[in-house]
Structure formats: structure tokens, C-alpha cells
Amino acid sequence: MDDTLIERLRAAVAGLEATRPAVEAGAPWPLAATFDDSDEARWGPGEVLAHLAEMGPFWLGEMERIIAGGPEPVPFGRIASDRMRIGILERDRSLPPRELYDRTISALERLERRWLALTPADLARRGLHPKRGEMTIAAIADRFIVSHTAEHVVQLEELLAG
């Protein structure tokens, strides 16, 4: 079991919680004119939080799909231009930050509980991502949830710093 992933997950949650008072105090935030995957996209706190809130449940579901799948790598995932992902961002980016933080923290807590229950065989299960190729459950949790959350915490900190 990779205890460092849990430590990094907890650090990401703490970092996210540290941004919460300022983000909530600044609400409502202006909505980004462009929030897709293009170079012109400029996300504000609403878009970042909407993405954080949707990505945890999405990637947890993809991990479960792989764990439940056959012995061969299970196709999984999406790319940044995925229409469903962008549609969820559009739908949820105007929700109150409190709701988006709560959804995100809940998903990250679910990941921690699930992670602690996974066996070494579960962690070694492989999925096939459309861009990144074969990845283990361990690599998926690390890249798409833990590391990605930490990256968005930095993004929120930078947005708040102005």
C-alpha cells in the first residue's frame, strides 16, 4: 500500500480547505467567457471548483470499472475536450463555492476510504487511457485525482493572489 499517496491526498485536501474562506468570501465570482480546453480558456474559481467537484467521482468510477473488468486492460478515461466534462463545468460553475467544496471533499474522502480497502492485485489492475496508454489503478489515482487536485489547489491560490 502506498502511504505516500494518502499523505499527498490529505495535503491536497488541507490545501483546498485553506483556499475555502477566501473563495467563499469572494463569491459570486465572474464566470469565465471561455472555459473549454483551448489556449484561450481562462478559468476562475467557479470553473476550477466545478472541475474539482466533477473529476473525483468521474475518476473513482473509472477506477471501479477497471477493477471490475477482465484481465486485459480496460478502456477508460477521457480527454480534456470531452463534451460531457465541459457540459458539467458549464452547468456547475455558478453553484455556490460551499457546495462545490463539499462535493470535492466528499469525493476525496471516498477515494481515501476506497484506497485503504484496495488489495495489491486491485492496485495492479490496468486500464487503457486514450492518450496515456496502459495505467495501473495506482497510477490513475495518483495522476488523475491526487496530483491533479494538488495542481488545482495551486491554481486557486494563484487566482486568489491576483
Side-chain angles (χ1 to χ4, degrees), residues 5-68 74-115 127-133 135 137-162:
L5 184 124
I6 293 297
E7 291 170 13
R8 290 185 305 109
L9 175 64
R10 289 176 180 164
V13 169
L16 185 62
E17 287 287 15
T19 66
R20 188 176 190 148
V23 170
E24 288 182 356
W29 292 90
L31 298 178
T34 305
F35 57 92
D36 56 16
D37 67 315
S38 70
D39 291 339
E40 292 81 36
R42 298 288 179 263
W43 286 9
E47 289 80 21
V48 174
L49 290 173
H51 175 56
L52 284 166
E54 66 82 24
M55 73 177 211
F58 176 81
W59 292 113
L60 281 166
E62 294 299 275
M63 289 168 50
E64 294 298 345
R65 180 189 329 278
I66 294 164
I67 291 168
V74 175
F76 81 100
R78 63 184 182 193
I79 56 175
S81 61
D82 181 81
R83 290 184 332 171
M84 177 89 54
R85 173 185 168 273
I86 293 169
I88 292 170
L89 284 177
E90 182 174 22
R91 182 193 71 196
D92 291 351
R93 66 195 180 126
S94 64
L95 287 172
R98 172 189 35 75
E99 174 62 19
L100 296 171
Y101 274 100
D102 288 349
R103 288 180 185 187
T104 302
I105 299 302
S106 175
L108 296 174
E109 289 170 346
R110 283 181 53 218
L111 172 63
E112 181 173 348
R113 286 191 308 272
R114 184 64 174 120
W115 184 261
L128 183 61
H129 188 268
K131 274 195 171 177
R132 295 181 178 261
M135 298 178 74
I137 290 295
I140 293 165
D142 184 349
R143 175 65 214 123
F144 293 118
I145 302 177
V146 178
S147 294
H148 199 61
T149 298
E151 291 164 3
H152 284 301
V153 168
V154 170
Q155 185 179 17
L156 284 169
E157 291 168 345
E158 290 171 350
L159 287 167
L160 290 169

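Trp29 approaches Val23 most closely through the heavy-atom pair NE1-O, 2.8 Å.
Between the side chain of Arg8 and the main chain of Ser147, no donor-acceptor pair closer than 3.5 Å is present. Between the side chain of His129 and the backbone N or O of Arg78 there is at least one donor-acceptor pair closer than 3.5 Å. Here the side chain of Ser106 pairs no donor or acceptor atom with the backbone of Asp102 at under 3.5 angstrom. Judged purely by atom type and a 3.5 angstrom limit, Glu62 uses its side chain to pair as donor or acceptor with the backbone of Gly77.
With respect to the salt-bridge test (charged N to carboxylate O, under 4.0 angstrom), the residues Asp92 and Arg103 qualify.
Note: His51 and His148 have perpendicular aromatic rings, judged against thresholds of 30 and 60 degrees for the angle between ring planes. Between Phe144 and Trp59, the two ring planes are parallel [angle under 30°; tilted spans 30° to 60°].
Scanning for salt bridge (charged side-chain N to carboxylate O under 4.0 Å, His left out) contacts around Arg91 gives an empty result, with sequence neighbours left out. For Glu40, the side chain to side chain contact (heavy atoms under 4.5 Å, CB included) partners are Thr34, Ser38, not counting sequence neighbours. Considering only residues two or more places apart in sequence or on other chains, Glu112 meets the side-chain hydrogen bond (donor to acceptor under 3.5 Å, both in side chains) condition with Arg10.
Tested against Glu47, the residues Arg42, Arg93, Gln155 include a single side-chain hydrogen bond (donor to acceptor under 3.5 Å, both in side chains) partner, Arg93.
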